[in-house]
Amino acid sequence: MYMRVCATIAAVMLTCACAAQTLGGTSVYNFLRLPATPVLTAAGGVNTSFKAHEVGLTANNPSLLDENVSRQLNASFNTFPGGVHTYSLTGATQVPKQGAVAAGHIYFLDYGAIPQTDAAGNTSGTFRPVDFVVQLSAAKKYLQKWHYGASLKFIHSSYQQYRSSGLAVDAGLLYTDTANDLTASVLARNMGVQLSSYAGERDDLPFDLQVGITKRLAKSPFGFSFTAHHLHQFDILYHDTTFNVTNNFTTGTGFFNKLLNHFVFATHIYLGNHLEGTIGYNHLRRSELNIGSAANGLTGFSTGLRLKLKKFQVLYAHTNYQRNISWNHFGVTMHMDRLFGL
């Protein structure tokens, strides 16, 4: 019943979302774009097809829910520059009577204490803005190689007296070919509406239509992921002409660069049975954060490690935004059945 309701809601919201087609900077609840687990952060922040048997990834793509992530619990956190903290908790369990796997997820973003000032700059205390999303997900298997899943999200933002809530759905389809170590997925994210707006004017949610494929090379410790995002819209680079000219920022506007902005690449390195490394590259991130003629180093690149033990996994990722600006993402995924016999 839950899957049918989500599928109906997804179909309606997909129609509305495709019609909206918002550009970066013009949608609401953009914190929904942030990866909830270091495994996704390491892969460039956008990936639909990497089936790593890690429950944190199901917060991004519900079709990854299967028996391999059942009874797992992931807790992740990181700190952005400026004292902004994020916290994530994701867990899954099997529902035998329905032949499904269900999951719950909470993502909380705390901006810290910010001075409250008036138009003249006088301080009158502090306030603490927060964003959070609570979601329920479920997935089922179809035939031997297919999984389909959906997530229902409740979203809330609170910035002093300005508050907003929204409702959204994610819907995903996953194809798995175990004989060839290949997975492919289609995912529609953040199809939804604002239930209440900040100041009377409602905005679009950050809808994203994604397609991805992951392939591990035979007799090799390497695998590769290719993910295309924002397929419903070609030019997705955010342009602020005045800011760019004033600060000597340059953004690529040619056809080839616009095409590359849709792709995120990742290399997965299997360093034995217990250790796995990932290197990701997000071209849109690099395009938007390039600084004029300055050397931009590893902007857009990310790396990560995953230590897989019998009862838990230790997760770490590092992302480069600009020179001397980066952040670390930490997490642990516990196998509750092995730890506590659940």
Report the relative orientation of the aromatic rings in [X] and [Y]; use parallel for angles under 30°, tilted for 30 to 60°, perpendicular for over 60°.
X: Phe224; Y: Phe226; answer: parallel
X: Phe108; Y: Phe132; answer: parallel
X: Tyr281; Y: Phe301; answer: tilted
X: Trp327; Y: His329; answer: tilted

* Quick one: name the residues clustered hydrophobically with Val264, using the 4.5 Å side-chain heavy-atom rule over I, L, V, M, F, W, Y, and just say none if it's on its own. =>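 In the cluster with Val264 are Val46.
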Modelled atom types, side-chain donor and acceptor of [X] and [Y], under 3.5 Å:
X: Glu54; Y: Thr37; answer: yes
X: Ser302; Y: Thr319; answer: no
X: Asn257; Y: His283; answer: yes
X: Tyr107; Y: Asp131; answer: no

* **side-chain contact (heavy atoms from CB on, under 4.5 Å), paired with Val28, selected from Asp204, Asp203, Ile155** =>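 It is Asp203, the one option of Asp204, Asp203, Ile155 that forms the side-chain contact (heavy atoms from CB on, under 4.5 Å) with Val28.
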* **Among Met334, His53, Gln72, His274, side-chain contact (heavy atoms from CB on, under 4.5 Å) partner for Gln313** =>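 Of the listed residues Met334, His53, Gln72, His274, the side-chain contact (heavy atoms from CB on, under 4.5 Å) partner of Gln313 is Gln72.
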Quick check: is [Y] connected to [X] through a chain of hydrophobic side chains (ILVMFWY, heavy atoms under 4.5 Å apart)?
X: Leu217; Y: Leu275; value: yes
X: Leu57; Y: Leu136; value: no
X: Val211; Y: Phe207; value: yes
X: Leu305; Y: Leu315; value: no
X: Leu298; Y: Ile279; value: yes

Can you give me the closest heavy-atom contact between [X] and [Y], atom names plus distance?
X: Gly172; Y: Asn61; result: CA-OD1, 3.9 Å
X: Ile325; Y: Pro81; result: CG2-CG, 4.1 Å
X: His105; Y: Thr90; result: ND1-OG1, 2.7 Å
X: Pro221; Y: Arg216; result: CA-NH2, 4.4 Å
X: Ile236; Y: Asn261; result: CD1-O, 3.6 Å
X: Ala59; Y: Ala36; result: CB-CB, 4.2 Å

Taking the side chain as everything from C-beta on, heavy atoms only, tell me whether [X] gets closer than 4.5 Å to [Y].
X: Arg33; Y: Ser27; result: yes
X: Thr303; Y: Thr278; result: no
X: Thr123; Y: Asp118; result: no
X: Val84; Y: Leu109; result: yes
X: Asn328; Y: Tyr316; result: yes
X: Ser185; Y: Ser63; result: yes
X: Tyr29; Y: Ser157; result: yes
X: Ser326; Y: His318; result: yes

* Just do the side chain to side chain donor-acceptor pair (under 3.5 Å) check on Thr214 and Ser225 with the steps written out, would you? => CA-CA 4 Å; Thr214 298; Ser225 288; 2.7 Å; yes
Roughly how far, to the nearest 0.5 Å, is [atom2] of [Y] from [atom1] of [X]?
X: Asp170; Y: Gln210; atom1: CG; atom2: CD; result: 9.0 Å
X: Gln160; Y: Ile114; atom1: CD; atom2: CD1; result: 10.5 Å
X: His147; Y: Tyr142; atom1: NE2; atom2: OH; result: 13.5 Å
X: Asn47; Y: Asn60; atom1: CG; atom2: CG; result: 7.5 Å
X: Phe154; Y: Ile106; atom1: CZ; atom2: CD1; result: 12.5 Å
X: Lys215; Y: Asp177; atom1: NZ; atom2: CG; result: 8.5 Å

So, does [X] use its side chain to make a donor-acceptor pair with the main chain of [Y] at under 3.5 Å?
X: Thr333; Y: Leu73; result: no
X: Arg306; Y: Glu276; result: no
X: Asp337; Y: Leu339; result: no
X: Thr58; Y: Leu65; result: no
X: His262; Y: Gln233; result: yes
X: His156; Y: Ser164; result: yes
X: Thr48; Y: Gly212; result: yes
X: Arg286; Y: Thr299; result: yes
X: Asn282; Y: Leu284; result: yes
X: Ser76; Y: Gly331; result: no

* To do: Starting from the C-alpha separation in whole Å, work towards a yes-or-no answer on side chain to side chain contact (heavy atoms under 4.5 Å, CB included) for Tyr198 and Tyr159.
  => CA-CA 9 Å; Tyr198 297 105; Tyr159 309 142; 3.7 Å; yes
When you look at [atom1] of [X], are more than 12 heavy atoms from neighbouring residues, nucleotides or ligands closer to it than 6.0 Å?
X: Phe312; atom1: CZ; result: no
X: Tyr162; atom1: OH; result: no
X: Glu201; atom1: CD; result: no

* **Residue pairs, two or more places apart or on separate chains, that pass salt bridge (charged side-chain N to carboxylate O under 4.0 Å, His left out) and touch residues 95-115** =>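 Qualifying pairs: Asp110-Arg128.
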* To do: Show your working on salt bridge (Lys or Arg N to Asp or Glu O under 4.0 Å) between Lys51 and Asp66 and close with a plain yes or no.
  => CA-CA 10 Å; Lys51 194 174 181 180; Asp66 62 17; 3.3 Å; yes
* ring-ring contact (aromatic ring centres under 6.0 Å, His included) between Phe330 and Phe77, worked out -> CA-CA 6 Å; Phe330 302 92; Phe77 66 93; 5.8 Å; yes
* Asked: So, Lys258 and Asp235, do they make that salt bridge, N to O below 4.0 Å?
  ->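 Yes.
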* **His335: partners by ring-ring contact (aromatic ring centres under 6.0 Å, His included), with sequence neighbours left out** =>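 Partners of His335 under the ring-ring contact (aromatic ring centres under 6.0 Å, His included) test: none.
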